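To start, the structure under review is shown below, and the notes come after it.
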Amino acid sequence: MAKMVAVLVVNPVNGSGLFQYLEAFFENGISYKTFAVAETTQVKTNSGVSMKTDDVVANLKGHENEYDALVFACGDAMPKFGENAGKQFNQDMLSVIKSFDEKGKMPNEKLFINRLNNLGYETNAMLESNNHNMQLFYLPQ
């Protein structure tokens, strides 16, 4: 059975990281759908490139069983989360993350770190560089 991944895309998103996820999914035959953590599907990368996601995070709620995993594409929007925490799209994001976690469909940080170590990566340097692209390869069985 093919894997299906939901990808949360904050606004603005780290375009390099997001496109690395999407390219790796494509190359490994993993289907995905992107969800903007925003009021519309229109988002920008942190370098200003406009893009359109497949849907918004509000429409992911209640569809957790359709996906094998949830991946979070971070960006410059996260430092501003505190200023916008009460906005509905951020509340929806937290709700979706909680639901996926309760179903065991969130990449496990301990497994992620072990996977990096097994691949020979210097974990501390990798985490400090904010390059978490290896976590996409952990999908629940």
Side-chain angles (χ1 to χ4, degrees), residues 1-119 121-141:
M1 183 168 132
K3 296 287 185 179
M4 182 66 165
V5 177
V7 181
L8 292 181
V9 181
V10 296
N11 188 23
V13 66
N14 177 323
S16 175
L18 172 64
F19 294 125
Q20 286 178 33
Y21 278 136
L22 301 182
E23 185 68 19
F25 290 147
F26 175 78
E27 289 175 356
N28 289 283
I30 299 170
S31 299
Y32 62 86
K33 189 171 179 181
T34 56
F35 294 87
V37 180
E39 294 170 343
T40 71
T41 57
Q42 196 67 34
V43 297
K44 287 189 175 189
T45 66
N46 52 11
S47 57
V49 176
S50 293
M51 64 173 285
K52 185 176 180 180
T53 61
D54 297 309
D55 210 337
V56 294
V57 67
N59 295 330
L60 180 56
K61 290 170 56 175
H63 295 275
E64 295 85 353
N65 290 330
E66 299 171 23
Y67 298 89
D68 297 294
L70 178 72
V71 172
F72 188 81
C74 195
D76 293 342
M78 291 316 293
K80 298 228 175 231
F81 177 79
E83 297 171 21
N84 299 301
K87 292 202 175 179
Q88 188 58 50
F89 57 82
N90 280 328
Q91 294 302 308
D92 292 339
M93 174 187 68
L94 295 174
S95 173
V96 163
I97 289 172
K98 182 179 183 214
S99 294
F100 271 83
D101 186 52
E102 288 171 349
K103 294 178 182 296
K105 295 182 177 187
M106 288 289 297
N108 182 299
E109 184 176 288
K110 186 174 182 181
L111 290 174
F112 167 56
I113 290 171
N114 287 338
R115 176 81 171 132
L116 288 176
N117 289 333
N118 290 338
L119 291 171
Y121 288 97
E122 178 64 38
T123 305
N124 290 337
M126 180 68 82
L127 293 176
E128 287 173 13
S129 73
N130 293 323
N131 185 350
H132 299 273
N133 293 320
M134 293 306 298
Q135 85 184 59
L136 66 91
F137 294 107
Y138 167 72
L139 297 176
Q141 297 297 323

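Treat the numbers as computed from the prediction; the structure is a model and nothing was measured. Computed from heavy atoms alone, side chains included, the values below leave out hydrogens, waters and symmetry copies.
Looking at Phe89 and Asn11, their side chains never come closer than 4.5 Å, going by heavy atoms from C-beta outward. In this structure the side chain of Val43 reaches within 4.5 angstrom of the side chain of Met51, judged on heavy atoms. Considering only heavy atoms from C-beta on, Thr45 stays 4.5 Å or farther from Leu18 through its side chain.
One finds the CZ atom of Phe72 at 5.0 Å from the CE atom of Met93 (value rounded to the nearest 0.5 Å). Distance CE/Met4 to CZ/Phe25: 10.5 Å, rounded to 0.5 Å. The structure places CD of Gln88 at 9.0 Å from OG of Ser95, a figure rounded to the nearest 0.5 Å.
Partners of Glu66 according to the salt bridge (Lys or Arg N to Asp or Glu O under 4.0 Å) rule, which considers only residues two or more places apart in sequence or in another chain, do not exist here. By the side-chain contact (heavy atoms from CB on, under 4.5 Å) test, Gln42 is found to be paired with Thr40, Ser50, Lys52, residues two or more places apart in sequence or in another chain being considered. The side-chain contact (heavy atoms from CB on, under 4.5 Å) test applied to Asp54 returns Lys33, Thr34, not counting sequence neighbours. Partners of Lys87 according to the salt bridge (Lys or Arg N to Asp or Glu O under 4.0 Å) rule, which considers only residues two or more places apart in sequence or in another chain, do not exist here. Contacts of Lys61 classified as salt bridge (Lys or Arg N to Asp or Glu O under 4.0 Å), with partners at least two apart in sequence or in another chain: Asp92. The side-chain hydrogen bond (donor to acceptor under 3.5 Å, both in side chains) search around Lys103 returns Asn65, not counting sequence neighbours.
Relative ring orientation between Tyr67 and Phe100 is described as tilted, the plane-to-plane angle lying within the 30° to 60° band.
When all heavy atoms are compared, the tightest approach of Asn59 to Asp55 is ND2-OD1, 2.7 Å. Minimum interatomic distance between Leu8 and Val57 (heavy atoms only, all atoms of both residues): CD2-CG2, 3.6 Å. The two residues Thr41 and Ala36 make their nearest non-hydrogen contact at CA-CB, 4.2 Å. In terms of heavy atoms, Phe35 sits closest to Val56 at CD2-O, 3.4 Å.
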